[in-house]
Amino acid sequence: MYKKIYRIIKQYDNIVIARHIGVDPDAMASQIALKESIQLTFPNKKVYAIGNGSVKFNYLGKLDKLETLENALLIVLDTPDKRRVDAPDLSIYQDSIKIDHHPFVEKFCNLEYIEDTASSTCEIIMDLIEHTKLKVNQSIVEKLFMGLVSDSNRFLFSSCTAKTFQLVADYLKEFPLDLEKLYQNLYMRPMKEVRLQGYISENMTITDNGVGYIKINNDIINKFKVDSASAGNMINNFNFIEEMLVWTTITEDTKNNIVRVNIRSRGPEINFIAEKYNGGGHKYASGARVSTIEEAMALIDDLDQASENYIKNHLS
Ligand code: AMP
């Protein structure tokens, strides 16, 4: 499959690389690293990494404005469903490839490579580069490493396998990384976010079935002077808490008129429940976008039911 992907990339002079809305480090790092690798290998190709960015991830590089392109190849990374691709019109492309590590949702590209056991899309791009003539340099390796580290929560999730560690070891042997510098890029945060984390810890409600949830409305966002993505971005900081099997943040986003729910689990599978509420994701890490706090609470009720079943079937 990697050879086939390489052959298609080789055929096209114009290539657009897209990924999901609500950019995160794995999506953006895989996108920019693949762009840089294609340009390093084929200096005459025009390659665009597109989508809405976030100042938070400026250290990963710059995104491009898409010019009208004829006879272009579209590569979609890290996105299982068409509605979440952050690109204006998917129908204008001559050919398309999807590369993803999410569980399969739907086919919308001509060629799809899905490895849902991979830790991250960056891991798959590392593997692709290792198995083809795509070239790599220090900057590309740094990006791929940061995306992998971010999506695996610093190698914490069971999606990290011998293959993950082997790939990282292979790359680091050739390109030693300044880990402390890279981790500063990934994990440095302002005090106001730490204070919000304190607020979440103080005010998290936990149901009898071990579902933790916190409602962050616009007043709280303004009080802490953070943006509406901040609470959701710290969901992984609430790992390993005895009383919670499932934990969620429910955040009002008045600018986009939605309520964002971020969900994590160390027991029940949650992606099917998220899908019911205009969301999706991985078995134990999902998200959803709903219209009202009431709808978010209905999602919490479903999670609570799933958690009750999980306790009955697995823990008692
Ligand atoms: P997050 O909580 O934003 O880190 O997202 C966890 C996982 O859920 C990622 O794989 C996301 O791509 C996925 N995800 C988050 N929000 C949504 C959504 N609204 N629809 C589908 N998948 C989502």
Side-chain angles (χ1 to χ4, degrees), residues 18-31 51-54 56-57 76-87 98-106 108 114-124 146-154 156-160 186-187 193 197 200 212-214 216 227-239 244 246-253 256-266 268-292 295-296 299-300 302-303:
R19 39 74 193 161
H20 60 75
I21 54 171
V23 65
D24 61 31
D26 184 39
M28 185 154 160
S30 58
Q31 182 186 31
N52 285 315
S54 161
K56 258 196 151 125
F57 307 137
V76 178
L77 300 178
D78 200 36
T79 317
D81 45 353
K82 195 173 176 180
R83 75 190 165 102
R84 295 195 81 232
V85 180
D86 195 349
K98 183 211 278 182
I99 300 174
D100 189 23
H101 77 125
H102 290 88
F104 176 79
V105 174
E106 62 174 335
F108 60 90
I114 296 154
E115 186 56 79
D116 64 5
T117 57
S119 67
S120 52
T121 299
C122 282
E123 176 180 323
I124 304 177
M146 280 193 279
L148 189 159
V149 162
S150 172
D151 238 41
S152 67
N153 203 4
R154 267 176 280 176
L156 201 67
F157 299 146
S158 46
S159 55
C160 287
L186 272 176
Y187 297 113
E193 288 189 1
Q197 191 174 318
I200 295 174
Y213 65 90
I214 176 90
I216 311 277
D227 65 56
S228 65
S230 298
N233 286 341
M234 56 184 72
I235 186 91
N236 289 332
N237 297 350
F238 292 88
N239 261 328
M244 295 195 294
V246 176
W247 57 104
T248 64
T249 54
I250 300 168
T251 317
E252 208 173 29
D253 178 352
N256 295 305
N257 215 10
I258 54 164
V259 174
R260 213 176 280 146
V261 188
N262 296 73
I263 318 165
R264 296 293 185 270
S265 169
R266 59 182 179 86
E269 292 182 9
I270 52 177
N271 51 334
F272 297 108
I273 300 173
E275 278 168 23
K276 204 176 133 187
Y277 292 88
N278 192 29
H282 302 281
K283 271 186 201 168
Y284 304 112
S286 292
R289 285 174 176 210
V290 293
S291 308
T292 60
E295 213 184 326
L299 166 50
I300 299 294
D302 283 359
L303 292 170

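Residues: numbered from 1 along the sequence shown. Everything numeric here is computed off the predicted structure, so don't read it as measured data. Order of appearance sets the numbers: ligands from 1, and atoms from 1 within every ligand.
For ligand 1, the atoms closer than 4.0 angstrom to any heavy atom of Gly281 are 8 (O), 13 (C), 22 (N). Near His282, with a cut-off below 4.0 Å to any heavy atom, the atoms of ligand 1 are 10 (O). Distances below 4.0 Å separate heavy atoms of Gly279 from the following atoms of ligand 1: 18 (C), 19 (N), 20 (N), 21 (C). Each of the following atoms of ligand 1 lies closer than 4.0 Å to a heavy atom of Ala285: 6 (C), 7 (C), 8 (O).
If you look at Asn278 next to ligand 1, the close heavy atoms, those under 4.0 Å, all belong to the backbone. Under 4.0 angstrom from ligand 1, the non-hydrogen atoms of Ala288 all belong to its backbone. Only side-chain heavy atoms of Arg83 come within less than 4.0 Å of ligand 1; its backbone N, CA, C and O stay farther off.
Across all non-hydrogen atoms, the minimal contact from Asn239 to Trp247 is OD1-CZ2, 3.1 Å. Contact record, Ala87 with Ala18: CB-CB, 4.1 Å, taken as the closest heavy-atom pair. Taking both residues in full, the closest heavy atoms of Arg83 and Glu106 are given as N-OE2, 4.2 Å, listed atom of the first, atom of the second, then distance.
Protein heavy atom in closest approach to atom 14 (N) of ligand 1: Gly280 O, 3.6 Å. Among all protein heavy atoms, the one lying closest to atom 15 (C) of ligand 1 is Gly287 CA, 3.5 Å. The nearest heavy-atom contact from the protein to atom 9 (C) of ligand 1 is His102 NE2, 3.9 Å. For atom 4 (O) of ligand 1, the nearest protein heavy atom (residue, atom name, distance) is Arg264 NH2, 2.9 Å.
Within the structure, ligand 1 lacks Gly232 among the residues with a heavy atom less than 4.0 angstrom away.
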Could you walk me through whether Asp78 and Asp24 pass the side chain to side chain contact (heavy atoms under 4.5 Å, CB included) check?
CA-CA 10 Å; Asp78 200 36; Asp24 61 31; 4.0 Å; yes
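Rounding to the nearest 0.5 angstrom, the gap separating the NE2 atom in His101 from the OG atom in Ser159 is 8.0 Å.
In the displayed structure, Phe272 atom CZ is contacted under 6.0 Å by at most 12 heavy atoms of other residues, nucleotides or ligands. Shown here is Asn257, whose CG atom has no more than 12 heavy atoms of other residues, nucleotides or ligands within 6.0 Å.
Taking the six-membered ring for Trp and thresholds of 30 and 60 degrees, His282 and His102 have nearly parallel ring planes, at less than 30 degrees apart.
The closest donor-acceptor contact from the side chain of Thr79 to the backbone of Leu77 lies under 3.5 Å.
Between Arg84 and ligand 1, at least one N/O pair is under 3.5 Å apart.
The closest heavy-atom contact to atom 3 (O) of ligand 1, among the options Asn153, Asn271, Ile263, Asn262, comes from Asn262.
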